[in-house]
Amino acid sequence: MERYQGILAYCETANGKLSPLDTELLGTGSQLATELGQSLSALLIGTDVGAIASEPLAYGASKVYVVEGPLFKDYITEIYLVGLAKVISETSPEIVLLGQTQIGRDLAPRLAFRLKTAATLDCTALTIDPATKRMLMTKPVFGGNAMAIQMCEVSPQIVTLRSKAFSPPVKDSSRQGEIIKISVAIDPASTRTKFLERKTEAVSGIKLEEAKVIVTGGRGIGGPEGFKQLEELAQILKGAVGASRPPCDNKWVSDNLQVGLTGKIVSPKMCIAVAVSGSSQHLSGYSGAKVIVAINKDAEANIFKVAHYGVVGDWKKVLPVFLAEVKKLVS
Ligand SMILES: Cc1cc2nc3c(=O)[nH]c(=O)nc-3n(C[C@H](O)[C@H](O)[C@H](O)COP(=O)(O)OP(=O)(O)OC[C@H]3O[C@@H](n4cnc5c(N)ncnc54)[C@H](O)[C@@H]3O)c2cc1C
């Protein structure tokens, strides 16, 4: 029998529930498990995660490992790393899936080092190579200008999955499975990090990641005042405002609004890009957008290569007319 068997999905959870990305991890894990003829397990770590231990079963897991205790109240790298490494050492999965989140990005390389294996971050597609039965992992490289397909020759194969790149499965609450508690003993004095405070930024309106319509503004908007007009359009369309990197760097808008390679990955039905040039780093953030509308004064701007509809012109003249038409249509 192979030493490594099965797939383990680490579900970070959010506000006491599985996050949308957790369900995407479970859906992908389920597909890989089917292709390999192996099983999918989930791992939950936290203080009260036992309360939602049956949730991953409904999304395809057949076992759920629960690591619980007061030490896991807040995310501290060293503590979570010990928890995760212990479960992996005891269960020897062939594949470990994590989300491409702050936590996933923090844990995956450390975990790989500790387990003497390798981690592949920010994957957008995963399949099984029929010949070797190892994972073929697709990920953007060179700032999103090319896609690389990689294979890891050591086990366990650790990967982080980009949010919205994988479809979540249909929930089936009738699915049954095993819930297994694993105790992890850690001496708090052995950690060099202390959790001091959590500062939550208040977000009003629809979250960027969940918005069906996104109005993104670029450097050409010129300042925070211009973004107020984008907000008006977003509100009418029941959407959210996003931004390219320069407006965030210039503090015209919050960093939270940045879309792109180093910002958020979104997949709206429609994205209206205003005064955005369309750099590959920005576009890789909304590669999942079904329809892209661009307003730019430069007819040669890269954004027009990907836009389905475009207006060449000064946004200050185009947007008020566009807004008036949208208002008429909506009313
Ligand atoms: C490693 C790395 C990671 C990065 N990550 C990101 C990321 O996550 N997200 C991101 O956005 N960028 C990212 N960048 C930066 C990226 O390379 C670009 O510099 C950035 O996306 C450009 O933003 P922009 O299109 O708003 O600005 P510009 O490229 O300056 O374009 C401004 C556009 O506005 C138009 N314009 C100006 N005035 C008007 C007007 N009055 N009316 C209409 N149009 C007008 C111009 O014609 C131009 O096309 C990253 C870069 C690197 C190196």
Side-chain angles (χ1 to χ4, degrees), residues 21 99-102 104-105 109 121-124 139-148 160-165 201 207-209 211 213-234 239-268 270-289 292-326:
L21 181 54
Q100 173 73 3
T101 59
Q102 301 266 15
R105 280 144 81 155
L121 273 66
D122 198 19
C123 292
T124 54
K139 58 170 286 173
V141 288
F142 301 121
N145 284 312
M147 301 303 276
T160 67
L161 273 59
R162 185 185 275 211
S163 156
K164 308 279 181 216
E201 190 172 345
K207 275 173 85 179
L208 205 49
E209 300 91 318
V213 177
I214 296 181
V215 184
T216 40
R219 196 199 310 264
I221 295 296
E225 277 307 307
F227 271 88
K228 293 199 176 125
Q229 293 187 48
L230 303 192
E231 266 161 34
E232 195 184 345
L233 178 61
V241 169
S244 63
R245 186 149 126 183
C248 302
D249 286 351
N250 289 322
K251 303 287 166 219
W252 302 343
V253 292
S254 154
D255 287 341
N256 264 336
L257 299 195
Q258 187 181 316
V259 174
L261 192 67
T262 44
K264 293 202 167 129
I265 309 289
V266 294
S267 60
M270 180 168 69
C271 181
I272 304 172
V274 188
V276 168
S277 62
S279 67
S280 60
Q281 292 89 2
H282 180 66
L283 292 178
S284 68
Y286 49 71
S287 50
I292 298 176
V293 181
I295 302 172
N296 196 303
K297 67 177 183 184
D298 176 8
E300 300 299 315
N302 198 47
I303 191 78
F304 289 123
K305 291 189 184 145
V306 293
H308 301 87
Y309 302 97
V311 183
V312 179
D314 184 340
W315 73 268
K316 289 181 197 131
K317 291 185 185 142
V318 177
L319 202 69
V321 182
F322 191 71
L323 201 58
E325 281 302 314
V326 171

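Just so you know, these numbers use all the heavy atoms, side chains as well, and skip hydrogens, waters and symmetry mates. First listed ligand is number 1; within each ligand, the first listed atom is number 1.
For the pair Thr262/Gln281, no side-chain contact is recorded, criterion being any heavy-atom separation below 4.5 Å from C-beta on. Leu323 is not listed as a side-chain neighbour of Gln229, based on a closest heavy-atom distance of 4.5 Å or more.
In this structure Asp249 satisfies the salt bridge (charged side-chain N to carboxylate O under 4.0 Å, His left out) test together with Arg245, sequence neighbours excluded.
Once rounded to the nearest 0.5 Å, the distance linking OG1 of Thr216 with CD of Gln258 reads 12.0 Å. Note that CD1 of Ile295 and CZ of Phe322 are 5.5 Å apart. Values are rounded to the nearest 0.5 Å. Summarising the geometry, atom CG belonging to Leu233 is positioned 11.0 Å from atom CD belonging to Glu231; distances are rounded to the nearest 0.5 Å.
Protein residues with a heavy atom under 4.0 Å from ligand 1 are Gly218, Arg219, Gly220, Ser244, Arg245, Pro246, Gln258, Val259, Gly260, Leu261, Thr262, Gly263, Ala275, Val276, Ser277, Ser279, Gln281, His282, Asn296, Lys297, Asp298, Gly313, Asp314, Trp315.
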